[in-house]
Colleague: 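Attaching a single structure in structure tokens format; questions to follow.
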Amino acid sequence: MNTPIKTRFAPSPTGYLHIGGARTALFNWLFARRHGGIFLLRIEDTDQIRSTEESTQAILDAMTWLGLTWDEGPFFQAERVGIHRQMVEKLVDEGKAYWCTCTQDELEAKRKTALAEGRKPKYDGTCRERHLSPTPGAVVRFRCPDGGTTRMQDLIKGNILFQNEELDDLIIQRADGYPTYNFAVVIDDAQMGITHVIRGDDHVNNTPRQILLYEALGFPVPFFAHVPMILGSDKARLSKRHGATSVMAYRDMGYLPEALVNYLVRLGWSHGDQEIFTGDELTSLFDLDAVGKSPAVFNPEKLLWLNQHYIRSYPADRLMEALQPLWPAASEPSQEALVRGVARDLQSRSRTLLELIDGAAFYFADEVAYDPKAAEKFLTQVSAVLLEAVLEGLPHLMDYSKEGIEAFLRALAESRQAKLKDIAQPLRVALTGKTVSPGIDEVMVTLGRERTLDRISRALSFLRSTSSA
RNA sequence: GGUCCCAUCGUCUAGUGGUUAGGACGCUGGCCUCUCACGCCGGAAGCCGGGGUUCAACUCCCCGUGGGACUACCA
């Protein structure tokens with residue numbers, strides 16, 4: 001029996017969950033789901049200065065919003081320093097690590113001269129054979145092999161070979177007694193039974209040191225899979241200056257989690273020509289062998305397209321739920337019927353929830369604000385006749401529904417030797433103030449007969465007041 | 001500078017020695033139509049360059065070039 005697969009997402013709580021981290025988490029989550037494994041969450045908070053609880057909460061919230069539920073954790077790395085220190089001690093006892101009292105200033109100076117002389121800026125091994133005892137302010141370094149090679153088997157990039165002489169004696173425990181990333185990550189991943197380490201390829205160069213650490217500690221080395229970076233439009237690593245990078249910012253801008261997940265998964269992974277995936281499809285189709293090796297540029301336009309797609313696909317109740325946090329009117333019980341109608345009208349023509357909300361303003365206006373150009377073109381003497389006819393006929397319409405209204409308008413137009421559009425556009429301006437809106441029959445249904453009539457008579461008086469001037 | 005990674009339309013990608021190089025976003029012509037959106041039909045747009053290997057290279061190898069990452073007592 002094979003041991004079950006276990007993956008993890010291990011963010012550091014020094015900010016919000018960003019797009020790149022979300023994709024890494026998503027790949028880990030999908031890989032675990034796909035293979036019936038376990039997905040674990042670990043917060044890497046050993047940087048006591050930069051880590052905050054707010055960040056931890058923000059990351060948890062974002063993952064929950066995306067639906068990336070974890071099976072174990074969250075574990076907090078800082079709570080495990082006792083274990084980390086034991087391991088440090090063990091390595092020191094075994095002669096695989098040593099105390100070092102070189103100061104940061106000395107190191108910096110040596111780095112500079114080495115660079116200036118064209119040498120590698122690696123640690124020169126000053127304390128390597130001094131067999132120092134623990135002293136306050138001292139750090140512990142791992143004794144790297146002087147020669148040989150370390151092979152990394154990467155599930156995405158293939159085999160990568162590193163010369164050990166390129167690696168230097170990295171610090172595994174800081175002066176403050178906390179472990180450094182490369183050390184803590186190895187111990188935690190090993191002890192938590194992580195079988196597949198899926199992470200950004202900015203970690204590729206860390207991996208050989210980590211493998212050496214696994215071996216020194218006597219732990220089995222896991223599989224690695226390094227996912228290419230997400231870049232901005234200028235092909236530099238995606239950052240704030242490329243626009244929003246926070247997952248939660250996308251929620252606040254009216255994006256749906258399904259859209260973001262679908263977009264992110266296709267950034268680097270593919271399944272033939274398929275673009276749209278349900279959650280079930282993803283968890284049954286996703287695998288590492290279909291993840292590409294090259295970095296991908298984040299394309300907001302395509303995300304928008306997907307978001308539109310998912311907005312259209314939402315059932316009414318789900319749409320209302322998604323709308324509520326962004327739209328006060330959606331939480332107002334007295335408005336519910338109207339809001340539902342509005343959402344239904346706008347659902348198929350909004351790329352984001354915010355677009356939908358913006359487009360909804362005219363439904364709620366006490367007095368429709370006419371776009372000057374629209375009014376000039378459509379609120380004319382000619383159309384006044386048609387609008388008056390609607391005003392007269394509408395109260396007697398038996399079937400006040402989308403179908404009934406359309407039939408009514410068509411018949412009315414025909415009786416006047418006019419086209420439907422001759423009446424639809426003036427009506428649209430009268431009811432919405434604009435030349436672009438949902439179908440005029442839909443608008444009339446949602447507005448209700450009363451409001452519709454009011455707006456028509458108001459448009460008529462507006463029309464008379466301007467044309468008589 | 002050193003180490004490592006990467007390279008198909010503007011962008012995301014399919015492609016695994018023989019294809020008219022396919023799809024999607026965006027752009028664009030048209031149809032549908034009460035406007036918009038959707039949908040449908042069509043178009044422009046790509047294998048970074050040079051050497052090999054081979055009967056045959058987008059595909060395999062090498063060298064360039066370009067881009068990216070790492071090079072911390074951050075993760």
Side-chain angles (χ1 to χ4, degrees), chain A residues 10-14 44-47 49-51 77 100 102-104 107-108 111 114-116 118-122 137-141 152 154 157-158 160-163 166-168 170-176 178-182 184-185 199-208 226 228-229 231 233 235-237 263 266-276 290 292-306 308-309 312 346-351 359 374 378 406 409-410 413 419-429 432 434-441:
Chain A
S12 63
T14 55
E44 311 237 312
D45 54 351
T46 52
D47 185 337
I49 296 161
R50 300 198 307 151
S51 298
Q77 194 162 58
C100 168
C102 296
T103 67
Q104 294 194 52
L107 260 18
E108 187 52 39
R111 240 194 300 278
L115 231 32
R119 291 182 287 114
K120 293 182 202 309
K122 59 185 271 190
V139 302
V140 179
R141 287 181 183 272
M152 169 172 72
D154 192 289
K157 297 186 182 280
I160 303 177
L161 219 53
F162 295 89
Q163 300 299 320
E166 297 292 339
L167 281 18
D168 64 356
L170 78 158
I171 292 173
I172 57 177
Q173 181 170 293
R174 295 193 286 245
D176 64 5
Y178 278 86
T180 55
Y181 165 73
N182 280 300
V185 76
R199 72 223 312 194
D201 75 2
D202 48 337
H203 287 285
V204 167
N205 286 317
N206 284 326
T207 309
H226 287 98
M229 301 270 87
L231 312 178
S233 49
K235 308 250 178 155
R237 187 178 180 154
Y263 179 71
R266 280 287 288 106
L267 225 45
W269 175 81
S270 62
H271 180 69
D273 284 338
Q274 191 170 345
E275 294 286 352
I276 311 270
K293 297 184 192 182
S294 45
V297 174
F298 185 81
N299 181 353
E301 297 290 327
K302 191 162 182 180
L303 208 209
L304 224 32
W305 170 72
L306 277 164
Q308 172 176 252
H309 168 85
R312 291 171 62 92
L346 262 13
Q347 176 169 21
S348 62
R349 47 203 112 219
S350 305
R351 295 185 300 175
F378 293 109
E406 190 188 341
L409 290 178
R410 281 192 191 282
K419 299 274 192 193
L420 179 58
K421 67 160 130 185
D422 296 328
I423 190 160
Q425 281 303 79
L427 207 42
R428 191 184 313 282
V429 178
T432 74
K434 303 175 294 183
T435 53
V436 173
S437 83
I440 199 63
D441 43 14

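In what follows, chains are A, B, ... by sequence order, proteins preceding strands, each numbered from 1. Bear in mind that the values here come from a model prediction, so they are computed numbers and not experimental data.
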Colleague: Using purine N1 to pyrimidine N3 plus N6-O4 or O6-N4 for Watson-Crick, or N1-O2 and O6-N3 for G-U wobble, both under 3.5 Å, which nucleotide pairs with A57(B)?
Modeller: none
Colleague: For a quick check of understanding: with a heavy-atom distance under 4.0 Å over all strands, which category does Asp422(A) fall into, base, sugar-phosphate or nothing?
Modeller: nothing
Colleague: For G49(B), which nucleotide in any strand shown is its Watson-Crick or wobble partner with both distances under 3.5 Å?
Modeller: C63(B)
Colleague: Taking only the P atom of each, what is the distance from C9(B) to C47(B) in whole angstrom?
Modeller: 7 Å
Colleague: Do the ring centers of Tyr263(A) and His309(A) come within less than 6.0 Å of each other?
Modeller: no
Colleague: Under 4.0 Å between a Lys/Arg side-chain N and an Asp/Glu carboxylate O for Arg237(A) and Asp202(A)?
Modeller: yes
Colleague: Whom does G39(B) pair with, Watson-Crick or G-U wobble, provided both distances fall under 3.5 Å?
Modeller: C31(B)
Colleague: Can you give one letter per nucleotide of nucleotides 15-27 of chain B, going 5' to 3': B for a protein heavy atom under 4.0 Å from the base, S for sugar-phosphate only, - for none?
Modeller: -------BBBBS-
Colleague: Check every atom of C34(B), C4(B), C12(B) against the side chain of Gln425(A) and return the nucleotide holding the closest atom.
Modeller: C34(B)
Colleague: Starting at the 5' end of nucleotides 67-75 of chain B, put B wherever the base has a protein heavy atom under 4.0 Å, S where only the sugar-phosphate does, and a dash everywhere else.
Modeller: SSBB-SBBB
Colleague: When rounded to the nearest Å, what value does the distance between P atoms of C36(B) and G29(B) take?
Modeller: 14 Å
Colleague: Work out how far the C1' atom of C74(B) is from that of C60(B), and round it to whole angstrom.
Modeller: 41 Å
Colleague: Mind checking what makes side chain to side chain donor-acceptor pair (under 3.5 Å) contact with Asp201(A), not counting sequence neighbours?
Modeller: Lys157(A)
Colleague: For Arg428(A) and for Ala290(A), find the nucleotide of RNA chain B with the closest heavy atom, then tell me which residue's nucleotide is more 5'.
Modeller: Ala290(A)
